[in-house]
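Below you will find the structure I want to go over with you.
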Amino acid sequence: MRVPLSSGALIIWTSSYSLVFGSEELAQLESFAVMVDLALARCELIEAQRVVAEQLVHSNEQLAGAWDVAMESSRLKGEFLATMSHEIRTPMNGVIGLTGLLLNTALDERQRSYAQGVKGAGEALLAIIDDILDFSKIEADRMSLEVIEFDLRDVVNESVLLLAETARSKGLTLTVEVSDHVPRRVCGDSVRLRQILLNLVSNAVKFTETGDIWVLVEVDSEADDAVQVKFEVQDTGIGIAPEDHTKLFEPFSQVDSSTTRKFGGTGLGLAISRAWWSWPAAR
């Protein structure tokens with residue numbers, strides 16, 4: 001007797017004699033055939049799972065190797081950027097310093113114009129180098145923040161003052177408002193705070209052709225021994241479409257590629273600012 005299975009047939013009995021099975025015997029044989037069928041299917045499933053598991057192990061080993069290679073490549077790239085940025089900064093500081101000394105000598109109008117152009121170009125290049133150096137530190141996870149006492153109002157005013165002349169030359173009104181509730185003396189990293197403010201305000205100046213720029217500082221929250229201060233920069237510039245907001249803090253990203261040619265910049269300022277702002281002082 002042959003009982004059909006999903007993959008062939010189960011031969012229960014074979015003989016030259018003709019046998020007649022009753023309905024109860026046939027039902028038992030069919031139930032047995034179903035159990036055999038299920039057992040065979042289970043074996044096939046177990047084998048398939050074993051093959052898949054071996055493939056996953058192999059794939060994971062390959063991924064782990066690729067990850068190690070990528071991490072090592074990223075580390076070497078970060079070290080290269082940090083080293084090169086540092087090496088370039090040293091002679092560039094020399095160029096800027098010597099140009100400053102040259103501007104203090106007796107120059108005619110054309111010579112002074114050329115020297116000022118060299119100094120401005122050097123300072124712009126140094127700013128780009130500083131951004132790359134900071135970004136390489138961020139990628140290498142080598143950032144560090146100081147916690148020292150400083151005068152918050154002085155840092156804000158000094159940061160804005162550095163850009164006041166640029167704003168004035170464009171006919172822009174640059175206003176600073178610090179709430180009376182903001183404490184004068186605070187603890188933190190004044191250098192990185194100045195860097196963040198310079199990035200934000202310089203962007204406002206860069207992308208505003210006419211109108212006003214406001215730098216607003218107020219207390220966001222406070223506790224017995226801590227205060228959280230909110231810094232806000234507003235301007236009447238070209239603005240950013242809501243769908244482009246996610247691009248703001250991406251490294252080397254420009255909302256519009258044409259802005260790279262028109263306005264310049266590396267696209268690192270806001271990415272660095274967010275990294276410094278969110279980085280804990282002690283880690």
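We number each residue from 1, following the sequence as shown.
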Answer yes if V233 and L162 sit in the same cluster of Ile, Leu, Val, Met, Phe, Trp and Tyr residues linked by side chain heavy atoms under 4.5 Å apart, and no otherwise.
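Shared cluster, yes.
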
How close do R194 and S159 get, counting heavy atoms only, and between which atoms?
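Taking every non-hydrogen atom into account, CG-OG, 3.1 Å.
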
Tell me, yes or no, whether the heavy-atom count around R42 atom CZ, taken from other residues, nucleotides or ligands under 6.0 Å, exceeds 12.
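It does not: R42 CZ has 12 such atoms or fewer within range.
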
Separation of T173 OG1 from I213 CD1 (nearest 0.5 Å):
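I213 CD1 to T173 OG1: 9.0 Å, rounded to 0.5 Å.
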
Enclosure of E109 CD (heavy-atom neighbours >12, cutoff 6.0 Å):
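Atom CD in E109 is not packed in, count stays at 12 or less.
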
Show the atom names and distances, to 0.1 Å, of all donor-acceptor pairs under 3.5 Å that link a side chain in residues 60-69 to residues at least two apart or in another chain.
| residue | atom | partner | partner atom | Å |
| --- | --- | --- | --- | --- |
| N60 | ND2 | L56 | O | 3.3 |
| Q62 | NE2 | H58 | NE2 | 3.3 |

Straight-line distance of T175 OG1 to Q234 CD, nearest 0.5 Å:
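If I round to the nearest 0.5 Å, the distance is 11.0 Å.
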
Determine which pairs satisfy side chain to side chain donor-acceptor pair (under 3.5 Å) with at least one residue from residues 91-106, sequence neighbours left out, and list them in order.
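Counting only pairs at least two positions apart or across chains, no side chain to side chain donor-acceptor pair (under 3.5 Å) contact touches residues 91-106.
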
For the atom pair OG1 (T210) and CG (L172), what is the distance rounded to the nearest 0.5 Å?
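Result: 7.5 Å between the selected atoms.
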
One pair to check against side-chain contact (heavy atoms from CB on, under 4.5 Å): F150 and L193. What are the steps and the verdict?
CA-CA 11 Å; F150 64 92; L193 174 59; 4.0 Å; yes

Looking only at heavy atoms, which two atoms of K206 and K170 are closest? And how far apart?
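Looking at all heavy atoms of both residues, the closest pair is O-NZ, 3.4 Å.
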
Checking T236 side chain against D212 main chain: does a donor-acceptor pair fall under 3.5 Å?
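Pair found, side chain donor or acceptor close to backbone of D212.
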
Minimum heavy-atom distance between C187 and V147, given as atom pair plus value
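For C187 versus V147, the nearest heavy atoms are CB-CG1, 4.2 Å.
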
In the single-linkage hydrophobic clustering (I, L, V, M, F, W, Y; side-chain heavy atoms under 4.5 Å), do V182 and V227 co-cluster?
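Yes, it is one cluster - the side chains of V182 and V227 are joined through contacts under 4.5 Å.
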
Can you list every pair that meets side chain to side chain donor-acceptor pair (under 3.5 Å) and has a residue in residues 110-120, with sequence neighbours left out?
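Counting only pairs at least two positions apart or across chains, the side chain to side chain donor-acceptor pair (under 3.5 Å) contacts touching residues 110-120 are K119-E123.
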
With side-chain contact (heavy atoms from CB on, under 4.5 Å) as the criterion, how do L152 and R184 come out once you've worked through the C-alpha distance, each side chain's angles and the decisive distance to 0.1 Å?
CA-CA 6 Å; L152 181 60; R184 185 100 195 178; over 6 Å; no

Do side-chain atoms of S202 reach the backbone of L163 as a donor and acceptor pair under 3.5 angstrom?
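No, the answer is negative, given that no donor and acceptor are paired below the 3.5 Å cut-off.
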
P183 and V219: which non-hydrogen atoms are nearest, and at how many Å?
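Scanning both residues, the minimum pair turns out to be CD-CG2, 4.3 Å.
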
Is there a path of hydrophobic side-chain contacts, each under 4.5 Å between heavy atoms of I, L, V, M, F, W or Y residues, that connects V155 with W214?
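Each belongs to a different hydrophobic cluster.
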
Can you confirm whether E218 sits close enough to H181 that some side-chain heavy atom of one is under 4.5 Å from a side-chain heavy atom of the other?
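No, their side chains stay 4.5 Å or more apart.
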
Looking at side-chain heavy atoms only, is the closest gap between F231 and L200 below 4.5 Å?
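A side-chain contact under 4.5 Å is absent here.
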
Looking at every non-hydrogen atom in both residues, tell me the closest pair between A115 and L107 and how far apart they are.
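Answer, listing the atom of A115 first, then L107: CB-CD1, 4.4 Å.
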
